Number of protein chains: 4
Amino acid sequence: MSEFKTAVSVVETGQVNIRGYSHAEIIRHLSYAEGTYLTLVGRLPTPAEGRMVDAMLTSLLDHGFVASTITAARYIASGNPQFVPGVAGGLLAAGQNTLSPQHSYELIRHAHELQEANGWNDAESADAIVEEYASTGRRLPGFGHPVHRGDDFRATVLFELADELGLRGRATTTYRAIHAAFVERTGKTDIPINIDGCLACLGSDLGLTADQTVGIALLAVLPGLMAHVIEEIEDGVPLRYIRDGEYVGPAERPLPDDYQRSE
Amino acid sequence: MSEFKTAVSVVETGQVNIRGYSHAEIIRHLSYAEGTYLTLVGRLPTPAEGRMVDAMLTSLLDHGFVASTITAARYIASGNPQFVPGVAGGLLAAGQNTLSPQHSYELIRHAHELQEANGWNDAESADAIVEEYASTGRRLPGFGHPVHRGDDFRATVLFELADELGLRGRATTTYRAIHAAFVERTGKTDIPINIDGCLACLGSDLGLTADQTVGIALLAVLPGLMAHVIEEIEDGVPLRYIRDGEYVGPAERPLPDDYQRSE
Amino acid sequence: MSEFKTAVSVVETGQVNIRGYSHAEIIRHLSYAEGTYLTLVGRLPTPAEGRMVDAMLTSLLDHGFVASTITAARYIASGNPQFVPGVAGGLLAAGQNTLSPQHSYELIRHAHELQEANGWNDAESADAIVEEYASTGRRLPGFGHPVHRGDDFRATVLFELADELGLRGRATTTYRAIHAAFVERTGKTDIPINIDGCLACLGSDLGLTADQTVGIALLAVLPGLMAHVIEEIEDGVPLRYIRDGEYVGPAERPLPDDYQRSE
Amino acid sequence: MSEFKTAVSVVETGQVNIRGYSHAEIIRHLSYAEGTYLTLVGRLPTPAEGRMVDAMLTSLLDHGFVASTITAARYIASGNPQFVPGVAGGLLAAGQNTLSPQHSYELIRHAHELQEANGWNDAESADAIVEEYASTGRRLPGFGHPVHRGDDFRATVLFELADELGLRGRATTTYRAIHAAFVERTGKTDIPINIDGCLACLGSDLGLTADQTVGIALLAVLPGLMAHVIEEIEDGVPLRYIRDGEYVGPAERPLPDDYQRSE
């Protein structure tokens with residue numbers, strides 16, 4: 001009844017092999033970035049790939065209170081001052097509106113499908129996509145940031161590094177063309193490619209699936225998330241709540257007579 | 001290899017028995033309060049017990065933004081607008097500082113241990129405990145509320161109902177004696193028994209363990225928690241964050257030369 | 001800066017109104033099913049609606065080990081024997097493959113769209129949908145159960161009760177027509193409407209949104225989920241793991257020389 | 001109303017400083033291990049400390065199905081095939097019985113308190129502690145492993161590396177003395193210091209708090225946890241459940257007449 005199968009590791013007495021390699025050797029010889037790449041992707045990274053993943057892993061180390069993950073985690077730890085629930089609960093805030101490289105993955109794939117169907121180049125698919133999103137009033141994923149206007153420095157540094165390492169690939173080129181077409185059409189120079197969009201490009205060019213790239217993004221936010229949970233436990237405010245919420249529901253009304261119970 | 005054992009239910013084709021009773025019959029004949037009591041505790045409640053648990057289950061239906069569970073859930077749904085993660089994440093905020101009847105359970109047990117060891121009555125153990133907490137600067141669990149001063153109406157209604165149903169027991173009497181001693185000693189008449197303390201009394205008098213009573217409390221907050229997550233998904237603000245956080249860490253400083261990496 | 005708005009409740013010193021009604025009155029006069037309906041939906045249920053929701057809330061009280069939520073929760077509590085993380089973690093298993101009325105909601109809406117576009121009746125849209133799913137090899141949501149063959153008794157009881165209460169509506173009729181067309185086409189009489197599909201019908205006929213119906217389903221599984229977490233904490237096996245997993249990854253291989261680090 | 005304070009980072013337009021250092025510089029110049037140390041602890045690690053933390057971060061990359069975190073996550077993803085809930089839910093299994101360096105932290109502190117109170121050396125406090133645990137029938141935390149008998153190779157490699165890096169400190173020495181006393185007293189040479197105990201020693205000697213060390217341990221298991229969630233989503237079994245559970249509750253019994261409701 002071996003219902004469960006895995007290709008990640010095999011565990012025997014005194015020995016674990018991860019993707020075929022001795023775990024003892026891995027601890028001795030690989031960095032966390034390399035070990036993570038091996039574990040998640042199934043093969044050893046080249047030196048350039050290992051360096052790139054290491055930089056991606058440090059690209060979200062903390063973002064203060066400007067993050068739903070961290071604010072969620074602090075409210076959790078404010079009610080339940082324990083480390084693990086605060087950290088796990090904070091991760092649950094990762095989704096459509098934050099830490100979501102998968103939406104940019106879909107955009108890149110959409111562009112490539114358009115190119116293949118129509119024989120277009122990057123500029124042509126970019127124009128078509130920007131037009132398509134504008135005409136349906138949708139926001140392009142991976143563009144813009146509430147604080148970092150004009151430039152998301154984290155994306156800038158990572159894109160530079162990818163170029164230096166010779167790792168810029170088709171996804172990055174396609175996505176940057178979409179961004180260029182967007183800026184040209186709208187004139188909105190204060191809407192940069194943000195770190196989510198950048199991670200989608202780099203992850204895609206590294207051959208990572210969308211979920212694998214989300215995994216890198218989660219690992220990247222966790223050190224700060226953990227530090228905030230510890231701060232909240234050690235120095236926080238028990239039972240934080242929102243003091244200026246506004247009630248917009250029905251006015252006070254009596255319970256109708258036929259809902260009156262006599263014990 | 002029947003490693004897993006349970007006394008909760010048995011499942012066969014076309015038939016489930018919960019604590020021995022047919023699930024089909026339960027759906028037909030029991031209320032949710034009665035079914036929950038049966039499932040959690042293992043026996044059918046009397047009519048009075050069923051009524052009491054029903055009232056406990058409605059005692060936390062919602063508390064607006066004045067709750068860490070709800071604020072945590074809204075921040076989660078603001079980043080990840082999905083129902084299940086928001087609800088589960090909100091529950092993780094239940095702990096030492098909120099929805100924590102178990103601390104009052106421990107206090108009640110402590111009082112009873114003192115009584116048995118010293119031949120004391122409720123008033124005597126209450127005086128000793130209030131003295132003990134005052135001398136060590138600890139707060140008594142289950143007392144006080146940030147908004148409801150002088151009276152937590154939820155506790156008041158539940159205690160009244162318990163009296164009407166003939167369900168006041170030793171735990172309630174002991175705990176109310178501690179509260180009376182606290183008010184007498186401190187003169188703080190604006191610090192009532194709160195709903196957590198009340199649920200501990202009533203759960204204890206019903207024969208529920210502390211975890212079972214926490215379970216009732218979680219079910220009691222979930223309808224409001226769910227309603228808030230739905231509001232956040234449907235009408236909320238994507239990617240909420242805290243705008244007025246204060247940085248209290250070290251001033252800007254350069255990375256030392258020996259941490260400069262050349263690619 | 002009233003960034004947060006809610007229509008669920010308003011909290012003032014000594015007073016909470018939920019959807020306009022006094023919380024103190026609600027505790028006194030409403031059952032949990034009625035209070036949950038009010039809190040989630042925003043209006044009081046009729047007696048028939050209150051009874052229907054109460055039955056829905058008892059329709060999943062426990063399902064032994066035949067549930068991903070419960071097995072997940074027991075593994076969590078086996079590593080971390082605490083009540084709240086086990087319960088919250090178990091809820092996270094609710095999704096596409098279990099406790100998912102929303103997929104049946106979409107199916108019902110799809111049928112109604114086909115009817116409106118083509119002037120079809122329930123039987124005609126049912127035939128088209130069964131054909132559509134068969135031709136694309138997709139499984140119809142809400143049909144079949146791994147244990148309950150031929151009949152999911154929970155769905156049967158709830159559908160009967162809805163009929164008795166006069167609450168059968170268009171969603172149920174449409175969905176049952178799809179099921180009838182499916183059985184006729186395939187001859188598979190052992191694939192009943194399951195409890196997920198049934199809850200979608202009843203929730204839809206009550207005017208609940210898909211997320212509200214998922215909420216009812218989560219409340220319905222929680223008593224059993226909580227009972228299992230308590231069993232695991234009190235009588236379980238610390239650090240359970242899967243003993244018969246099968247490794248299907250690469251054979252042992254040496255770390256290449258250029259990955260050898262000398263400290 | 002700056003209710004929220006943090007010393008982790010400050011965020012301004014185009015600039016984030018983490019613990020005072022430019023985040024852009026950190027991405028360029030620090031490894032993930034160094035960046036994590038800085039973010040969690042508040043200061044830059046020395047090269048030896050950075051190397052040690054990197055090894056600790058790779059010490060739990062995966063452990064197949066022999067881990068409650070991973071089995072819990074796979075059951076969650078089996079019901080809800082989504083990446084983030086599976087990962088977050090798996091983390092919730094970290095607690096008293098797994099990934100729990102804090103219990104070994106407490107043991108080490110207890111030994112040091114005994115030493116200071118009694119003027120004892122490591123061997124003397126070790127004997128007293130082993131005697132104390134044996135006489136009360138408690139298990140010493142951080143000793144033994146269900147699979148790795150005689151030696152937990154992960155602990156062995158990390159202890160060796162700490163020695164090479166000159167990072168063995170008082171905590172390691174004290175804890176190993178307790179282990180030596182345990183083996184001598186019991187003759188149980190197949191119960192090694194496990195990876196939890198080892199991480200407690202190394203974290204303590206690095207000056208990390210218990211929660212910070214738990215944080216390192218969580219980051220260390222996440223790559224494998226993520227890989228398993230992805231496997232379950234891509235190739236897993238929908239709606240896994242436990243087939244050989246045993247029912248040990250009451251026999252079938254009828255609902256008493258006074259619980260029969262007529263609609």
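Keep in mind the model is a prediction, meaning the values are calculated, not measured.
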Side-chain (Asn97(A)) to main-chain (Pro238(B)) donor-acceptor, under 3.5 angstrom: no
Interatomic distance, Thr98(A) atom OG1 to Asn80(B) atom CG [nearest 0.5 angstrom]: 9.5 Å
More than 12 heavy atoms of other groups within 6.0 Å of Arg261(A) CZ: yes
Close approach to chain B in residues 65-77 of chain A, criterion heavy atom under 4.5 Å: Phe65(A), Val66(A), Ala67(A), Ser68(A), Thr71(A), Ala72(A), Tyr75(A), Ile76(A)
Chain B neighbours within residues 155-164 of chain A, where any heavy atom lies under 4.5 Å away: Leu161(A), Glu164(A)
Most chain B-contacting option - heavy-atom pairs closer than 4.5 Å, from Gln96(A), Arg51(A), Arg240(A): Arg51(A)
Close approach to chain A in residues 207-219 of chain B, criterion heavy atom under 4.5 Å: none
By side-chain contact (heavy atoms from CB on, under 4.5 Å) - contacts of Pro45(B) (at least two apart): Glu34(B), Tyr37(B), Glu49(B)
More than 12 heavy atoms from other groups under 6.0 Å of CZ on Arg253(B): yes
Selection from Val147(B), Leu165(B), Ile242(B), Leu99(B) maximising heavy-atom pairs under 4.5 Å formed with chain A: Ile242(B)
